[in-house]
Amino acid sequence: TKRDGTISAYYIHIIDLSAQHLAEEALRKTGEKLSLALEGSRIGLWDWNIKTGEMTFNERTAEIFGYTLPELMPMTIEKWENLTHPEDLKTLTKIIHEHLSGKIPYYESEIRIHHKDDRWIWIQDRGKITEWDEKGRPARMTGTTIDISDRKKTEQQLIRKKNILGAISFAATKMMSSLSDETINEVLSRIGNAVGVSRVYIFNHENTKDGKSLISQKYEWALEGIVPQLHNPVFQNLDWKSAGYKRWGSVLLNGGVIYGNIRDFPVEEQTMLSNLDVKSIAVVPIVSNNEFSGFVGFDVCISECEWSYL
């Protein structure tokens, strides 16, 4: 500028920001693609501030747990541990510590999480340290969560099928060589453990001269801690049709199977079975010489379960 304040010349400084804008646009598009990929793959994301214990989730992680994001937040590592199944927590903690100490390159585990609707779901959880503090200590960890409940259910069904087939093979071999009480009790124990139930029992059936259809419990295996019913006088010479089991007689005598969760049974049957602490049951007819001779029953007293034909 001149002394009188007028401008005598202009200086123009031009910076080419094309590369920067192109890089920013590429980064934006990459972010959009990643976001769409995560949304399409139904993967949950989480971020853990190791120093404060605070965690942040995306909406998908909250959805996997059965919550909306506002319902679940604020989230902390302590709250996460409280949602984890007690049997899985020790293993989970061990794997995380191994990663934090540098023993393994990343954290990965398959654990059960308590869902909002009061059931356990299976998740696959993976993560890795993404930040360290000035002293080189882990400060931040980021990871993903996937709902693998369906896969776990399929795996458990395959294991259960394998165990059942093994138990049946064992039973057939034993019974071909011996039909002693000891052998039958051993077979029931083997089947009970293989199927994962609380009780396995055998009832005999007979028709009396006066036309009554009676059943009597002859054998039983019961899981430790479950009250056995073998010596319950109610189940000896029971006229089951007049004792509230008329539906059972109709189904079993015609070769059908009784199975399901007790809450889905007729009210009268719910009352009788609830008194035995039964939550789920399956009853299969025994046929000898083309005649109904009794049935094998499977009780589950700990929780409800799904029964399927194998």
Side-chain angles (χ1 to χ4, degrees), residues 85-91 110-112 119-122 148-205 215-232 234-236 248 252 256-265 272-288 293-310:
H85 195 288
E87 293 178 5
D88 300 334
L89 184 56
K90 185 176 180 180
T91 301
E110 295 183 355
I111 58 174
R112 285 163 288 182
R119 60 187 173 91
W120 293 102
I121 62 168
W122 279 96
I148 58 169
S149 299
D150 289 341
R151 174 168 70 82
K152 279 292 185 179
K153 181 179 177 181
T154 300
E155 289 175 357
Q156 289 167 355
Q157 287 176 340
L158 290 173
I159 293 171
R160 187 179 183 191
K161 180 177 181 178
K162 180 180 178 181
N163 289 340
I164 291 174
L165 293 176
I168 291 174
S169 175
F170 172 83
T173 302
K174 284 288 187 179
M175 287 186 171
M176 286 176 64
S177 60
S178 171
L179 283 176
S180 67
D181 288 351
E182 182 180 355
T183 296
I184 294 175
N185 286 327
E186 186 181 1
V187 168
L188 294 185
S189 173
R190 188 73 170 262
I191 293 176
N193 283 300
V195 179
V197 296
S198 304
R199 299 188 191 100
V200 184
Y201 44 84
I202 294 176
F203 275 71
N204 286 348
H205 170 262
I215 56 172
S216 296
Q217 186 171 1
K218 295 299 182 182
Y219 302 98
E220 180 187 41
W221 168 87
L223 185 68
E224 184 177 353
I226 300 298
V227 179
Q229 299 296 323
L230 181 59
H231 301 296
N232 187 339
V234 172
F235 297 127
Q236 299 301 319
W248 290 34
L252 294 172
V257 177
I258 300 288
Y259 70 99
N261 294 317
I262 302 310
R263 59 183 171 86
D264 299 324
F265 281 31
M272 294 184 296
L273 295 169
S274 294
N275 290 334
L276 303 174
D277 297 323
V278 178
K279 290 184 170 59
S280 191
I281 192 170
V283 180
V284 182
I286 298 174
V287 178
S288 177
S293 60
F295 58 82
V296 180
F298 304 85
D299 290 350
V300 179
C301 302
I302 298 172
S303 62
E304 293 184 346
C305 71
E306 293 185 17
W307 301 92
S308 60
Y309 293 106
L310 298 176

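Because the structure is a prediction, the values reported are computed rather than measured.
- Every residue meeting the side-chain hydrogen bond (donor to acceptor under 3.5 Å, both in side chains) condition with D88, not counting sequence neighbours, appears here in chain and number order: R112.
- Residues meeting the side chain to side chain contact (heavy atoms under 4.5 Å, CB included) test with V234, sequence neighbours left out: N232.
- Remark: F298 pairs with no residue by the ring-ring contact (aromatic ring centres under 6.0 Å, His included) rule, at least two apart or across chains.
- Contact between T183 and S180 at its shortest, heavy atoms only, is OG1-OG, 2.9 Å.
- Counting all heavy atoms, side chain and backbone alike, Q236 lies closest to S216 at OE1-CB, 3.6 Å.
- W120 and P86 make their closest contact through CH2-CD, 4.1 Å (heavy atoms, listed as atom of the first residue, atom of the second, distance).
- Shown here is D150, whose CG atom has no more than 12 heavy atoms of other residues, nucleotides or ligands within 6.0 Å.
- For the side-chain hydrogen bond (donor to acceptor under 3.5 Å, both in side chains) test, residues two or more places apart in sequence or in another chain that qualify with S280 are N261, W307.
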Cut-off 3.5 Å, no hydrogens considered: what does the side-chain donor-acceptor table look like for residues 191-201, sequence neighbours left out?
| from | atom 1 | to | atom 2 | distance (Å) |
| --- | --- | --- | --- | --- |
| N193 | ND2 | S189 | O | 2.9 |
| S198 | OG | C301 | N | 2.9 |
| R199 | NE | V227 | O | 2.9 |
| R199 | NH1 | L276 | O | 3.4 |
| R199 | NH1 | D299 | OD2 | 3.1 |
| R199 | NH2 | V227 | O | 3.0 |
| R199 | NH2 | L276 | O | 3.0 |
| Y201 | OH | D299 | OD1 | 2.7 |

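- Every residue was checked against the ring-ring contact (aromatic ring centres under 6.0 Å, His included) condition with W122, not counting sequence neighbours, and none meets it.
- Annotation: the span from L188 atom CG to W221 atom CH2 amounts to 9.5 Å, rounded to 0.5 Å.
- L252 contributes atom CG, which lies 11.5 Å from atom CZ of F203 (distance to the nearest 0.5 angstrom).
- The salt bridge (Lys or Arg N to Asp or Glu O under 4.0 Å) check on K218 picks up nothing, with sequence neighbours excluded.
- With sequence neighbours left out, the side chain to side chain contact (heavy atoms under 4.5 Å, CB included) criterion links S293 to I286, S288.
- D277 is linked by a salt bridge (Lys or Arg N to Asp or Glu O under 4.0 Å) to nothing, counting only residues two or more places apart in sequence or in another chain.
- For the atom pair CD1 (I111) and CD1 (I121), the distance works out to 9.5 Å, reported to the nearest 0.5 Å.
- H205 has its side chain within reach of I215: a pair of non-hydrogen atoms, C-beta onward, lies under 4.5 Å apart.
- The two residues V278 and I262 have their closest heavy-atom pair at O-CG1, 3.3 Å.
- Here the side chains of I258 and F295 are not in contact, with every heavy-atom distance at 4.5 Å or above.
- Note that OG of S149 and CZ of R119 are 6.5 Å apart. Values are rounded to the nearest 0.5 Å.
- Considering only residues two or more places apart in sequence or on other chains, L230 meets the side chain to side chain contact (heavy atoms under 4.5 Å, CB included) condition with Q217, E220.
- The closest side-chain donor-acceptor pair between Y219 and D181 falls under 3.5 angstrom.
- Applying the side chain to side chain contact (heavy atoms under 4.5 Å, CB included) rule to R151 yields the partners E110, Q124, I148, E155; only residues at least two apart in sequence or on another chain are considered.
- With sequence neighbours left out, the salt bridge (Lys or Arg N to Asp or Glu O under 4.0 Å) criterion links E224 to no other residue.
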